[in-house]
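First comes the structure, then the notes that go with it.
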Amino acid sequence: MKKTMRVFAIYAALGLLPVFTNVIELKAQTPAPAAAQGQCTDESKAAWYADFMKFRTTEAPKAYEPAKKYLAACPTEEGPIPSYLKKWVLAYDKEARHLKLNNLFIDQRKYADALTLAKEILTDEPEYLPAIIDLGYGGYVVAVTTKNESGNADAVNYTKKAIAAIESGKAPESWSPFKSKEDALGYLYYSLSYLERTTNPTNSLANAIKAAQFEGDMKKSSQTYAFIAAAYENEYAKQSADYEVKYKGKDETPESKLAVANINQLVDRIVDSLARAVAAAGSDANAQTSKAKWLERLTELYKFRNAGSDKGLPEMIAGVLSKPLPPVPTPLTTLPATTPTTSAMPGTSSPTTTGSTVAPGAVTPPATNKTTTPATTTATTPKATTTTTQTTNVKPAAKPKTRNNHRRP
């Protein structure tokens, strides 16, 4: 609106500030009828201009009609009045289009229509941030709600552009439907993570973690952490399968022990993420089914990393959200000089006896016959919540084994 008002600075004395107070009514009215050329008479122009001035500051849609008729009847006329009317109509059309986009996206939730209008707006206003945000975040919402992901690539590009603009200091006039700048960035990074979950899983995981860094809904959402856990589960499955191919049934080597150490890093991240998901779910009635599955998998992995004991798990869950979310682990390239006999679990303040280290006889997490956690992911939006199946394509991985001193958790 500020930019729009600057257009009319030279007409400040005419009191243009209220021009758009009723512009939202435009969404319910048809385009103003155009006056035919040949009606450009002094009498017609005087009548149209009088009507325009009558409603200009109180009922903008009613002022819009005579202004359009004046300009349609006298398209080549020059002078202060037609120049003023052209600027007024142009600003009105622009603002009305902005309001229509807002209405489609937030009030009516017609996301496909909103995306079409947003692209139209960007042809005339390429830096209009709300349209860029809508094309990015809206693309994610469409992918989730319609299961049609053909527009993911475009949505990724717009989401990245929106994030870059916001992080460079740009801001829309209102953060709605988000609560704040931080909340908007959390949603945008989560959207980017979801959109790239199959095409770029590495970036997807990093952006999901990034989404949880901003103060807002995504930091508080159990689904954010379940999504992160699922990403780690995918990588765990890949590394476990690779271990089976390279080392199963063979004598232990430094390389096989290094592979176990790297797998265990992933297990610890899964434990941390699932603990956060369980903690964030709390007593939310809509999350209880998923929470039970997360807790089952969390308990299984926690006991594996703690010599079969779940001692300390409730305390870990209770305090995990107060601790920083750990980053993606850096792959180990060498084994420690000495093999530890204990390891600190994520979210705990002191070392815990571990049931799996890089020592001879160590094993990776137990194979399961159930679907990798989580089975479903809730795609949270500031306007509505839609549940969609999260396809991880992860099959339970078998335990890598060593030939000597093999022990099961």
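By convention here, the first residue in the shown sequence is residue 1.
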Side chain to side chain contact (heavy atoms under 4.5 Å, CB included) between L135 and L122, worked out
CA-CA 10 Å; L135 283 167; L122 290 182; 3.4 Å; yes
Please collect all side-chain hydrogen bond (donor to acceptor under 3.5 Å, both in side chains) contacts where either partner lies in residues 71-80, sequence neighbours excluded, each pair once.
K45-E77, Y70-E77
Does any part of the side chain of L274, heavy atoms only, come nearer than 4.5 Å to the side chain of Y232, both counted from C-beta?
no
Just wondering, do W175 and K181 contact through their side chains at under 4.5 Å, heavy atoms?
yes
Answer yes or no: is there a donor N or O on one side and an acceptor on the other, between the side chain of S176 and the main chain of F178, under 3.5 Å?
no
How long is the straight-line distance from CG of L192 back to OH of Y158, given to the nearest 0.5 Å?
15.0 Å
Determine, step by step, whether D183 and K220 satisfy the salt bridge (Lys or Arg N to Asp or Glu O under 4.0 Å) criterion, reporting the C-alpha distance in whole Å, the side-chain angles of both residues, the deciding distance to 0.1 Å, and the verdict.
CA-CA 11 Å; D183 191 48; K220 301 173 185 176; over 6 Å; no
Establish, from distance only, whether the side-chain atoms of Q239 and N262 form a donor-acceptor pair under 3.5 Å.
no
Determine whether a donor-acceptor pair (N or O, by modelled atom type, separation under 3.5 Å) exists between the side chain of Y302 and the backbone of K311.
yes
Please find out if less than 6.0 Å separates the ring center of F52 from that of W88.
yes
Any salt bridge between K293 and E296, counting N to O under 4.0 Å?
no
Quick one: list whatever passes side chain to side chain donor-acceptor pair (under 3.5 Å) with K219, sequence neighbours left out.
E215
Just by distance, do the side chain of N306 and the backbone of G308 share a donor-acceptor pair under 3.5 Å?
no
For the residue pair I228 and S273, what are the closest heavy atoms and their distance?
CG2-OG, 3.3 Å
Should E149 and R197 count as an ion pair when the cut-off is N to O under 4.0 Å?
yes
Stepwise side chain to side chain donor-acceptor pair (under 3.5 Å) test for D93 and Y64:
CA-CA 9 Å; D93 285 341; Y64 181 78; 2.6 Å; yes
Taking all non-hydrogen atoms of both residues, which atom of F105 and which atom of A114 are closest, and how far apart?
CD1-CB, 3.8 Å
Under a plain distance cut-off of 3.5 Å, with no hydrogens placed, do Y187 and D217 share a side-chain donor-acceptor pair?
yes
Distance from R56 atom CZ to L85 atom CG, nearest 0.5 Å?
10.5 Å
All heavy atoms of L266 vs all of P329, minimum pair found to be CD2-CG, 4.2 Å
Backbone of M218 reached by a side-chain donor or acceptor of T224 within 3.5 Å:
yes
Ignoring hydrogens, what is the shortest heavy-atom contact between R276 and V320? Give both atom names and the distance.
NH1-O, 3.2 Å
Worked check of side chain to side chain contact (heavy atoms under 4.5 Å, CB included) between M316 and V271:
CA-CA 10 Å; M316 176 193 176; V271 167; 3.6 Å; yes
Contacts of type side chain to side chain donor-acceptor pair (under 3.5 Å), residue D124, not counting sequence neighbours
R97
Salt bridge flag under 4.0 Å for residues K54 and E59:
no
When you measure from the side chain of K179 to the backbone of G216, do you find a donor-acceptor pair of N or O atoms at a distance under 3.5 Å?
no
Evaluate L301 against Y236 for side chain to side chain contact (heavy atoms under 4.5 Å, CB included), listing each step before the verdict.
CA-CA 12 Å; L301 296 180; Y236 155 65; over 6 Å; no
Could you state the interatomic distance from NZ (K68) to CD (E65), rounded to the nearest 0.5 Å?
11.5 Å
Polar side-chain atom of S168 near backbone of A165 as donor-acceptor pair, under 3.5 Å:
yes
Among side-chain atoms of Q223 and S221, is any donor-acceptor pair under 3.5 angstrom?
no
Between the CD1 atom in I166 and the CG atom in L185, the distance rounded to the nearest 0.5 Å is 5.0 Å
Thinking salt bridges, do R269 and E235 make one under a 4.0 Å N-O criterion?
no
Would you say Q265's side chain and T330's backbone share a donor-acceptor pair under 3.5 angstrom?
yes
Nearest heavy-atom pair of A67 and V89: which atoms, and what distance?
CB-CG2, 3.8 Å
Test item: side-chain donor near acceptor, N103 and D107, under 3.5 Å
yes
Under-4.0 Å salt bridge between D242 and K238
no
E244 side-chain N/O to S240 backbone N/O, donor-acceptor pair under 3.5 Å
no
Given side chains that start at C-beta, do those of Y49 and I81 come closer than 4.5 Å, heavy atoms only?
yes
At what distance, to the nearest 0.5 angstrom, does OG of S204 lie from CG of N234?
9.0 Å
Decide salt bridge (Lys or Arg N to Asp or Glu O under 4.0 Å) for E255 and K246; before the verdict, give the C-alpha distance in whole Å, the side-chain angles of both, and the deciding distance to 0.1 Å.
CA-CA 10 Å; E255 290 77 15; K246 292 181 178 179; over 6 Å; no
Are L258 and T253 close enough that some pair of their side-chain heavy atoms sits under 4.5 Å apart?
no
CG on N157 to CG on L195, rounded to 0.5 Å
10.5 Å
Heavy-atom nearest pair, C40 first then A73, reads CB-O, 3.3 Å
Over 60° means perpendicular and under 30° means parallel, so tell me whether Y140 and Y137 are parallel, tilted or perpendicular.
tilted
Please determine whether side chain to side chain contact (heavy atoms under 4.5 Å, CB included) holds for the pair S180 and F214, giving the CA-CA distance in whole Å, both sets of side-chain angles, and the decisive distance to 0.1 Å.
CA-CA 10 Å; S180 64; F214 298 98; over 6 Å; no
Are I317 and L295 packed together at the side-chain level, in the sense that at least one heavy-atom pair is separated by less than 4.5 angstrom?
yes
Does S193 use its side chain to pair, donor to acceptor, with the backbone of Y189 at less than 3.5 Å?
no
Between the main-chain N or O of E120 and the side-chain N or O of T123, is there a donor-acceptor pair closer than 3.5 Å?
yes
